[in-house]
Amino acid sequence: MSELIVSGSASTESLSRHTTFHLGGPAAEFITATTDAEIIEAVTAADAAGKDVLVLGGGSNLVVADAGFPGTVIKLATTGVAAEPVEGGVRVTVAAGETWDDFVTTAVDKGWSGVEALSGIPGSVGATPIQNVGAYGQDVSQTITSVKVFDRELREVRSFTAGECAFGYRWSRFKERPGRYVVLEATFRLGTDGETGSPIAYAQLAGALGVEQGTRVPSKQIREAVLSLRRGKGMVIDEADHDTWSAGSFFTNPVVAPEDVPEGAPAYPQPDGTVKTSAAWLIDHAGFKKGHGNQRVSLSTKHTLALTNRGQGTTEDLLALAREVRDGVEAAYGIVLVNEPVMLGVEL
């Protein structure tokens, strides 16, 4: 087994270097793991020592306390994309440490279909099944066939089929039991019809492409349109643009009873009779406009659903803004917004 890379100390390895918010204090111990065996070894050793553990992917969905993390941070740096043909498509197994958008780029370049509308999303492949990452009419539950994990309770490697992952809107069995499962790899079943493309399922994307919903569009065109839409909202990472110093959408779209949807708000009926509405609409109509905040933290100047670090902010600054927005929406509409990023050492 290769030697684990242990770097930094409580005074030198700031987690702000590893989150897209550029926020968070130091880690007591920081380990870079480049193989599944190293991940398992590091997690097992930390658990045996009774240390708190943070398994870190791309840091794109994480809010870390200014005080930092007193335990062991294990950075996933595994790599590998392995594909094999199957009837009607291709089965692709991807290491958890791979950058998500690099994988999407590879898929589009190879003519695979099924993840192209998820272009430009920051973070690692291993994080996507936890949150059931989705955008523009696609989510990973539509293409994931299995997820391999290390189960910290049973201390063994396990594989879950898509059905066993209990996927829902921004939900999975892995999110239900935070910390228990360390994702090692995810396997996807993608189409090989990238030149023909997937049917467009999202109205805004259809509009950007100038087609009707349901129209098939080549994957490369879908990717280009999605990246353009995301850039317009400050949701493609650009270190020079503080609107991208964020975790993307900070609040999930609330699912409520039909009678609780405010007049004029977007309404998307769900199979169980509830209705999903727009957190961005609620925020805007509760009086919080683009750029609301101060010189330290603010809503994005491009998109009200993103909270951003303007360069000199702290995690406490960010949380104060998040609470202001959450409480303002509740006062206006009686709907409590729920944060999408994972909170480490802090809470709203």
Side-chain angles (χ1 to χ4, degrees), residues 1-6 15 18 27-62 64 69-82 84 91-100 103 123-134 139-189 340-345:
M1 183 181 297
S2 57
E3 183 178 356
L4 292 175
I5 302 172
V6 182
L15 293 178
H18 301 278
E29 181 180 29
F30 192 95
I31 296 173
T32 302
T34 60
T35 67
D36 288 355
E38 289 181 354
I39 295 169
I40 294 168
E41 178 188 358
V43 170
T44 301
D47 285 345
K51 298 178 179 178
D52 290 333
V53 174
L54 168 65
V55 178
L56 180 66
S60 61
N61 199 46
L62 191 62
V64 181
F69 185 68
T72 299
V73 175
I74 301 168
K75 170 68 175 178
L76 301 187
T78 51
T79 59
V81 179
E84 60 177 322
R91 181 185 296 116
V92 189
T93 298
V94 190
E98 286 280 353
T99 300
W100 172 255
F103 166 53
S124 66
V125 169
T128 60
I130 297 172
Q131 193 77 2
N132 187 18
V133 165
D139 61 53
V140 295
S141 71
Q142 297 166 343
T143 51
I144 284 179
T145 59
S146 64
V147 179
K148 186 172 82 171
V149 304
F150 176 65
D151 185 330
R152 292 170 63 191
E153 287 189 10
L154 299 181
R155 298 186 181 183
E156 65 182 27
V157 174
R158 303 176 65 187
S159 288
F160 295 105
T161 65
E164 293 170 332
C165 290
F167 287 124
Y169 172 63
R170 301 296 181 269
W171 191 255
S172 70
R173 74 179 299 155
F174 315 116
K175 190 172 182 179
E176 184 178 10
R177 295 292 303 277
R180 174 173 176 174
Y181 302 107
V182 180
V183 176
L184 301 176
E185 65 183 28
T187 299
F188 301 80
R189 190 188 187 284
E340 185 167 328
V342 174
M343 301 284 165
L344 188 66

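- Looking only at side-chain heavy atoms (C-beta outward), V183 and V149 come within less than 4.5 Å of each other.
- Checked by atom type and distance alone, the side chain of E98 pairs as donor or acceptor with a backbone atom of G80 at under 3.5 Å.
- If you take OG1 on T145 and CZ on R189, they are separated by 9.0 Å, rounding to the nearest 0.5 Å.
- Between V342 and L344 there is no side-chain heavy-atom pair separated by less than 4.5 Å.
- In this structure a side-chain-to-backbone donor-acceptor pair under 3.5 Å is missing from N132 to S172.
- Put simply, NZ on K175 and SG on C165 are 14.5 Å apart, with the number rounded to the nearest 0.5 Å.
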Mind running side chain to side chain contact (heavy atoms under 4.5 Å, CB included) on F30 and L15 for me, showing each step along the way? CA-CA 9 Å; F30 192 95; L15 293 178; 4.2 Å; yes
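- Remark: side-chain polar atoms of R158 are not paired, donor with acceptor, to backbone N or O of V147 under 3.5 angstrom.
- In this structure, R91 places its CZ atom where only 12 or fewer heavy-atom neighbours from other residues, nucleotides or ligands lie under 6.0 Å away.
- Annotation for V133 and R170: closest pair C-NH1, 4.4 Å, computed over non-hydrogen atoms.
- L154 approaches R180 most closely through the heavy-atom pair CG-NH2, 3.8 Å.
- Annotation for A33 and I74: closest pair CB-CG2, 4.1 Å, computed over non-hydrogen atoms.
- Around atom CZ of R155, no more than 12 heavy atoms belonging to other residues, nucleotides or ligands sit under 6.0 Å away.
- With hydrogens and angles disregarded, no donor-acceptor distance shorter than 3.5 Å links the side chain of R152 to the backbone of V43.
- A tilted orientation is assigned to the rings of F188 and F103, their planes being inclined by 30° to 60°.
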Show your working on side chain to side chain contact (heavy atoms under 4.5 Å, CB included) between L56 and F69 and close with a plain yes or no. CA-CA 12 Å; L56 180 66; F69 185 68; over 6 Å; no
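- In this structure, CG in L76 is found 11.0 Å from OG1 in T35, a value given to the nearest 0.5 Å.
- Taking all atoms of both residues into account, the shortest heavy-atom contact from E153 to D151 is N-OD1, 2.9 Å.
- Note that CG of L54 is 10.0 Å distant from NZ of K75, once rounded to the nearest 0.5 Å.
- How far OG1 of T72 is from CD of E29: 4.0 Å, rounded to the nearest 0.5 Å.
- The closest side-chain heavy-atom distance from D36 to F150 is not below 4.5 Å.
- Taken from CG in D139 to OH in Y169, the straight-line distance is 10.5 Å, to the nearest 0.5 Å.
- Taking all atoms of both residues into account, the shortest heavy-atom contact from V125 to P129 is O-CD, 3.3 Å.
- Between F160 and Y181, the ring planes lie perpendicular to each other; the angle is over 60°, past the 30° to 60° tilted range.
- What you find for T78 and G97 is that their closest heavy atoms are OG1-N, 3.0 Å.
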